[in-house]
Amino acid sequence: MKPLVSDESRVTTMSRDEQAAWLESEVDAAMNVLGQTEGWYQHDRTRQWSEIRVQFMQDLRTESCRPSKSGFQPGRLAIRLSNDMFSDPFEAAKRLRAYWEEQGWTVTNVINPDDAKFKIDYFRADREDGALLLFDATENLVVLQVRSACSENNSI
């Protein structure tokens with residue numbers, strides 16, 4: 001299984017604005033497929049995506065794509081949103097997995113559901129350029145993560 005954080009060697013030249021627009025469109029697409037556009041928050045329920053979306057996007061921090069290497073550090077943008085309002089998070093997870101596969105992503109389990117001590121559906125979707133999507137569903141909470149491909153653009 002691929003690590004979630006790695007020294008990424010693939011890079012693009014996407015600007016920060018291009019990365020942010022891509023990230024936002026992927027979040028919107030995932031929420032639409034999941035059928036739940038309300039109730040998404042970051043860190044705590046007072047930071048609702050639907051209410052402070054513009055601030056969320058402005059506050060995005062760049063992640064290093066080569067954290068254990070010295071020298072030039074390409075970067076990526078990432079967002080993590082949680083939601084505890086799903087009536088059937090596992091059915092929603094099935095729809096999202098199928099959608100990401102239809103979009104050409106390589107989808108694999110992060111945790112094998114058969115090996116987990118509780119009911120979970122945690123999977124990732126990888127693309128050739130290094131972009132990464134993650135979805136984690138348990139009975140009480142779902143987490144959506146979107147990470148852009150790494151970029152060597154000076155705006156990052």
Side-chain angles (χ1 to χ4, degrees), residues 1-10 12 14 19-53 55-69 74-151:
M1 184 180 310
K2 297 175 188 174
L4 293 180
V5 176
S6 64
D7 288 325
E8 184 60 64
S9 62
R10 298 166 289 189
T12 69
M14 288 177 71
Q19 281 192 354
W22 176 85
L23 189 112
E24 194 170 10
S25 70
E26 288 298 324
V27 167
D28 286 342
M31 288 179 183
N32 287 331
V33 169
L34 292 166
Q36 185 72 35
T37 58
E38 297 297 319
W40 293 95
Y41 61 90
Q42 186 178 46
H43 307 301
D44 67 68
R45 286 176 191 81
T46 64
R47 293 183 42 85
Q48 292 287 316
W49 170 258
S50 61
E51 296 170 9
I52 58 172
R53 178 184 186 128
Q55 182 182 348
F56 269 78
M57 296 309 295
Q58 290 173 344
D59 291 348
L60 291 176
R61 293 192 178 156
T62 302
E63 290 183 351
S64 171
C65 293
R66 297 182 185 149
S68 67
K69 303 215 188 253
R76 73 169 86 207
L77 295 180
I79 193 165
R80 180 182 191 272
L81 298 168
S82 303
N83 193 313
D84 57 8
M85 296 176 58
F86 279 76
S87 59
D88 190 345
F90 301 107
E91 180 57 37
K94 285 180 192 174
R95 288 193 309 273
L96 187 59
R97 181 187 292 260
Y99 172 75
W100 285 347
E101 288 171 345
E102 289 168 8
Q103 297 301 305
W105 293 80
T106 301
V107 180
T108 57
N109 286 327
V110 173
I111 296 175
N112 183 339
D114 297 332
D115 296 339
K117 294 180 182 175
F118 56 92
K119 192 170 181 181
I120 188 169
D121 195 356
Y122 187 13
F123 54 93
R124 64 185 282 155
D126 292 273
R127 199 170 63 187
E128 274 189 36
D129 66 0
L132 175 65
L133 310 171
L134 296 121
F135 190 73
D136 181 2
T138 63
E139 291 183 25
N140 301 314
L141 184 71
V142 301
V143 178
L144 172 66
Q145 296 181 66
V146 179
R147 293 184 179 144
S148 67
C150 294
S151 176

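Just so it is clear, the structure is predicted and the values come from calculations on it, not from any experiment.
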Please check this pair: side chain of [X] against backbone of [Y], looking for a donor-acceptor N/O pair closer than 3.5 Å.
X      : Y      : value
Arg95  : Leu34  : yes
Arg147 : Ala78  : no
Thr62  : Arg76  : no
Ser50  : Glu38  : no
Gln19  : Ser148 : no

Provide the closest heavy-atom pair for [X] versus [Y] in the form atom of the first, atom of the second, distance.
X      : Y     : result
Phe56  : Arg47 : CZ-O, 3.1 Å
Trp49  : Met57 : CH2-SD, 3.7 Å
Cys150 : Pro74 : CB-CB, 4.5 Å
Asp121 : Ala93 : OD2-CB, 3.5 Å
Ala149 : Thr12 : CB-CG2, 3.8 Å

So, taking the atom named [atom1] in [X] and the one named [atom2] in [Y], what distance separates them when rounded to the nearest 0.5 Å?
X      : Y      : atom1 : atom2 : result
Asp136 : Phe123 : CG    : CZ    : 9.5 Å
Thr106 : Arg127 : OG1   : CZ    : 11.0 Å
Asn32  : Leu96  : CG    : CG    : 11.0 Å
Ile111 : Ile120 : CD1   : CD1   : 4.0 Å
Leu132 : Trp105 : CG    : CH2   : 7.5 Å
Tyr41  : Asn83  : OH    : CG    : 7.5 Å

Run the numbers on Phe90 and Glu139 for side-chain contact (heavy atoms from CB on, under 4.5 Å), then give the verdict.
CA-CA 8 Å; Phe90 301 107; Glu139 291 183 25; 3.7 Å; yes
Quick one, Val107 and Tyr99 - any side-chain contact, counting heavy atoms below 4.5 Å?
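Not in contact.
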Close side-chain approach of Leu144 to Trp40, heavy-atom, < 4.5 Å:
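When only atoms from C-beta onward are counted, Trp40 and Leu144 do touch, with a gap below 4.5 Å.
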Chi angles and distances behind the side-chain contact (heavy atoms from CB on, under 4.5 Å) call for Val146, Trp22
CA-CA 10 Å; Val146 179; Trp22 176 85; 3.6 Å; yes
Working note: Asp84 + Arg45, criterion salt bridge (Lys or Arg N to Asp or Glu O under 4.0 Å); need CA distance, chi angles, decisive distance, verdict.
CA-CA 10 Å; Asp84 57 8; Arg45 286 176 191 81; 2.4 Å; yes
CA sep, side-chain torsions, deciding dist, call: Asn109, Arg97, side-chain contact (heavy atoms from CB on, under 4.5 Å)
CA-CA 10 Å; Asn109 286 327; Arg97 181 187 292 260; 2.7 Å; yes
Which is it for Glu91 and Phe86 under the side-chain contact (heavy atoms from CB on, under 4.5 Å) test, yes or no, and what are the steps along the way?
CA-CA 10 Å; Glu91 180 57 37; Phe86 279 76; over 6 Å; no
Ion pair present between Asp28 and Arg53, side-chain N to carboxylate O less than 4.0 angstrom?
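A salt bridge links Asp28 with Arg53.
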